[in-house]
> 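One structure is given below, represented as structure tokens, and several questions about it will come after.
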Amino acid sequence: MLQINFIKENKGQVINGLKIRNFADEDLAIVEKVIAIDEIRRSSQTELDNSLAESNRISKEIGNLFKQGKKEEADVLKNQVTELKTLQKNLSQKLNEAQDQMETELLNIPNIPHSSVPAGKLETDNEVYKVWGNELPEMDQEALPHWELAKKYDLFDMELGVKITGAGFPLYRGKGAKLQRALINFFLDEADVAGYEEIIPPHLVNEASARGTGQLPDKEGQMYHATKDDLYLIPTAEVPITNMYRDMIVSEKDFPIKLTGYTPCFRREAGSYGAHVRGLNRVHQFDKVEIVRIEHPDKSYDALKDMIKHVEGLLEKLELPYRILRLCGGDLGFTSALTFDFEVYSAAQKRWLEVSSVSNFETFQTNRLKLRFKDENGKSHLAHSLNGSALALARIMAALLENNQTAEGIKIPKALQAYTRFEMIK
RNA sequence: GGAGAGUUGGCCGAGUGGCUUAAGGCGCACGCUUGGAAAGCGUGUAUACUAGAAAUGGUAUCAAGGGUUCGAAUCCCUUACUCUCCGCCA
């Protein structure tokens, strides 16, 4: 959520930002609208405060009069306060309405894209920021997609998942399960070396947390909801981990705050059909190691670069060809100011699979979280929050299986062998 | 799931309707004192919104929300959380 004062003071920048996000001209009116609501909010607040100050003053006087035994004079004043109260009731109703309206409107305004975000509407307009690997691996005709490989080597079983739960809940077994666990440990160890504190958070969160990171109210349908206890299954570790700092004022010295955590992630999102959602390409439950950072506003873009380096390191150690995209205005998430997506190339499917998304939210999340820091003068400011996947397992696994298949079996990259304790899936 | 006791500032803790502008202590910051330090003394020490160029004001906040009252940390209701005991349980 943007701050109203920011919108007021940077109206042109906000409108330009919305244009990069392909807002239609008539929808840009939201900016003027929210500013107008703010005017009403402020004038109602001033009026109400003045009236409250008046009744506070009179009430004190009544107390004094009672002490002096001047009951009749006090009764006159009592009536005055009673009159003020009806006025105050109206004013505070007006104020609440304006506040609610402003909140509703503000929730509809996305984050302002960073100046480097390219214009564009579709995925195809994303800017290719970097490609790693000299050429894309070629597979011969017999190369199998990962769902075939899984059958051949008994690595995971979608049908059993259906039997136990439903579509999109994979069951990993044997070397498939071990590979999964190896990847989690590998990613966590790498994050540890890079200075991230490891967290094991709750996997269900309350409404306030879901609101804090922006899953509610706009993405309600994407989360599984345990209605009896009103808890949500987390769609990513970002939610519980970032919410550790909800309603907090940290000290400037605490920066950088670097956290990592492995959790399963649960996503209800209605999938489409066909090959691109087959196997592990899109599932309701997958594992992910997330990295989260809370940073000083001056340092957040350095932090973003650092996070990109970290994710690159992971993919290079896994020897997976990848590319990095800078998302265009049309593809950029609602809450993000700048996002880089990582895609690995799946040779057998002959397509790129998104495995990581690294974003700087600037103050968009921290405003809702009320996550602030005190500077050296004791003034508080909103911190910047960032997060990224490092990495999402299901698709990494898919690419590993496909790209490393040989006539003898599936080779495990060197960096992972210490974790799997096998070199080949046969 | 049942019964009881709680929730006050950065922390501890007093406070049963107006004398609370939340006592007192600890911590922290600054100053005085000192050769230097400690002790001592003094001053200051929350958040949000709001008015103002600023200095400085106003309002709200004693877990959260609602109510009673001219006036609520204090009385009433609802909810959340914490602790103790019982039940269930890996």
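Naming: A, B, ... by sequence-line order, numbering from 1 per chain.
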> Measuring to OP1 and OP2 of B/A48, would you say a side-chain N or O of A/S380 lies under 4.0 angstrom away?
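Yes, such a contact exists.
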
> Would you mind reading off the distance between A/E72 atom CD and B/C70 atom P, rounded to a whole angstrom?
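The answer, rounded to whole Å, is 17 Å.
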
> Hunt down the Watson-Crick or G-U wobble partner of B/A73, both distances under 3.5 Å, from any strand shown, or write none.
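The base-pairing partner of B/A73, which may sit in any strand shown, does not exist here.
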
> Provide the distance between the two C1' atoms, one in B/C76 and one in B/U69, to the nearest whole Å.
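The answer is 12 Å between these two C1' atoms.
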
> For B/U68 versus B/U16, give the span between their P atoms, rounded off to a whole number of Å.
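Looking at atom P only, B/U68 and B/U16 are 24 Å apart.
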
> When the nearest nucleotide of RNA chain B is assigned to A/K78 and to A/R372 on a heavy-atom basis, which residue is associated with the more 5' position?
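Of the two residues, A/R372 wins.
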
> Would you classify A/K374 as touching base, sugar-phosphate or nothing, given that sugar-phosphate means primed atoms plus P, OP1 and OP2, and contacts are heavy atoms under 4.0 Å?
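A/K374: backbone/sugar contact only, no base atoms under 4.0 Å.
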
> What does B/U78 pair with, Watson-Crick or G-U, if both distances are under 3.5 Å?
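Base-paired to B/A64.
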
> Classify the side-chain pair A/E295/A/H384 by whether it contains a donor and acceptor separated by less than 3.5 Å.
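Result is no, nothing qualifies.
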
> Distance check needed: B/U45 P versus A/I249 CD1, whole Å only.
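After rounding, the reported distance stands at 16 Å.
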
> Can you tell me the base-pairing partner of B/U16? Count Watson-Crick or G-U wobble geometry only, both distances below 3.5 Å, and say none if there is no partner.
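Base partner found: none.
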
> Taking the same atom, P, in B/G25 and in B/U78, what whole-Å distance lies between them?
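Straight-line distance between the two P atoms is 39 Å.
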
> Starting from P on B/U61, measure out to CD on A/Q45 and report it in whole angstrom.
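So the two atoms are 13 Å apart, to the nearest Å.
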
> Does a nitrogen or oxygen in the side chain of A/R42 sit under 4.0 Å from OP1 or OP2 of B/C49?
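No, no such contact exists.
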
> Looking at the side chain of A/T46, which of B/G58, B/A51, B/C70 is the nearest nucleotide?
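Looking only at heavy atoms from C-beta outward on A/T46, the closest nucleotide is B/A51.
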
> If you measure from the C1' atom in B/U47 to the same atom in B/A37, how many Å do you get, rounded?
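37 Å, rounded to whole Å.
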
> Just call it for A/R57: base, sugar-phosphate, or nothing, with non-hydrogen atoms closer than 4.0 Å on any strand.
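Touches nothing.
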
> Rounding to an integer number of angstrom, what distance separates B/G15 and B/U21 when you compare their C1' atoms?
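My reading of the C1' atoms in B/G15 and B/U21 gives 15 Å.
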
> Taking a pair as Watson-Crick or G-U wobble with both distances under 3.5 Å, which nucleotide is matched to B/A22?
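Paired with no nucleotide.
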
> Between P on B/G17 and CD1 on A/I62, what's the gap in Å once rounded to a whole number?
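A/I62 atom CD1 is separated from B/G17 atom P by 19 Å.
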
> Roughly how many Å is it from NZ in A/K379 to C1' in B/A46, rounded to a whole number?
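Distance, rounded to whole Å: 16 Å.
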
> Look at all strands and tell whether A/N56 reaches a base, only sugar-phosphate, or nothing, counting heavy atoms closer than 4.0 Å.
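Here A/N56 touches the backbone only, sparing every base.
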
> Taking only N and O in the side chain of A/K60, is any of them less than 4.0 Å away from OP1 or OP2 of B/C19?
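False: A/K60 side-chain N/O out of range (4.0 Å or more) of B/C19 OP1/OP2.
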
> If you measure from the C1' atom in B/C26 to the same atom in B/G71, how many Å do you get, rounded?
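These two C1' atoms come out 34 Å apart once rounded.
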
> Any non-hydrogen side-chain atom of A/L386 less than 4.5 Å from a side-chain atom of A/S300?
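Sidechains of A/S300 and A/L386: in contact.
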
> Using a 6.0 Å distance limit plus a 45 degree cone around the ring axis, check whether A/K178 lies over the aromatic ring of A/F422.
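No, A/K178 does not sit over the ring of A/F422.
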
> Would A/S55 and A/K85 satisfy side chain to side chain donor-acceptor pair (under 3.5 Å), going step by step from the backbone distance to the final call?
CA-CA 8 Å; A/S55 31; A/K85 274 176 85 174; over 6 Å; no

> To the side chain of A/A53, which of B/A51, B/G58, B/G18 is closest?
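Of B/A51, B/G58, B/G18, B/G58 is nearest to the side chain of A/A53.
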
> Go through B/G18, B/G58, B/U47 for me and flag the one nearest to the A/N50 side chain.
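Nearest listed nucleotide: B/G58.
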
> How far, in whole Å, is B/U82 from B/G18 if one measures between their P atoms?
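My reading of the P atoms in B/G18 and B/U82 gives 33 Å.
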
> Under 4.0 Å, heavy atoms only, any strand: does A/L48 hit a base, just the sugar-phosphate, or nothing?
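Counting heavy atoms under 4.0 Å across all strands, no contact is made by A/L48.
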
> Using the C1' atom in both, what is the distance from B/A14 to B/U74, to the nearest Å?
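13 Å, rounded to whole Å.
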
> Please give the nucleotide sitting opposite B/C49 as a Watson-Crick or G-U wobble pair, both distances under 3.5 Å, or none.
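Per the H-bond distance test, B/G58.
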
> Rounded to whole Å, how long is the line connecting atom CG of A/L52 with atom C1' of B/U69?
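Rounded to the whole Å, the gap is 16 Å.
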
> Let me know the distance between NZ of A/K253 and C1' of B/C28, rounded to the nearest Å.
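Whole-Å distance recorded here is 10 Å.
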
> Salt bridge check, A/D306 against A/K309: does any charged N sit closer than 4.0 Å to a carboxylate O?
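No, A/K309 and A/D306 are not salt-bridged.
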
> Looking at B/G40, which nucleotide sits across from it as a Watson-Crick or G-U wobble partner, both distances under 3.5 angstrom, or is there none?
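Per the H-bond distance test, B/C32.
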
> For the pair A/E148 and A/K151, find out whether any cationic side-chain nitrogen is under 4.0 Å from an anionic carboxylate oxygen.
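Looking at A/E148 and A/K151, the cut-off is not met.
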
> We want to know whether A/Q365 and A/N387 form a side-chain donor-acceptor pair, criterion being a heavy-atom distance below 3.5 angstrom.
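Absent: no donor and acceptor within the cut-off.
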
> Which base sits across from B/G1 as a Watson-Crick or G-U pair, both distances under 3.5 Å?
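Its partner is B/C86 (Watson-Crick or G-U wobble, both distances under 3.5 Å).
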
> Between A/L371 (CG) and B/U47 (P), how many Å, whole number?
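Distance check: A/L371 CG to B/U47 P gives 15 Å.
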
> Is there a Watson-Crick or G-U wobble partner for B/G9 with both distances under 3.5 Å, and which nucleotide is it?
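B/G9 is paired with nothing.
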
> Should the pair A/E159-A/K163 be classified as a salt bridge under the 4.0 Å nitrogen-to-oxygen rule?
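A salt bridge is absent here (no side-chain N lies under 4.0 Å from a carboxylate O).
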
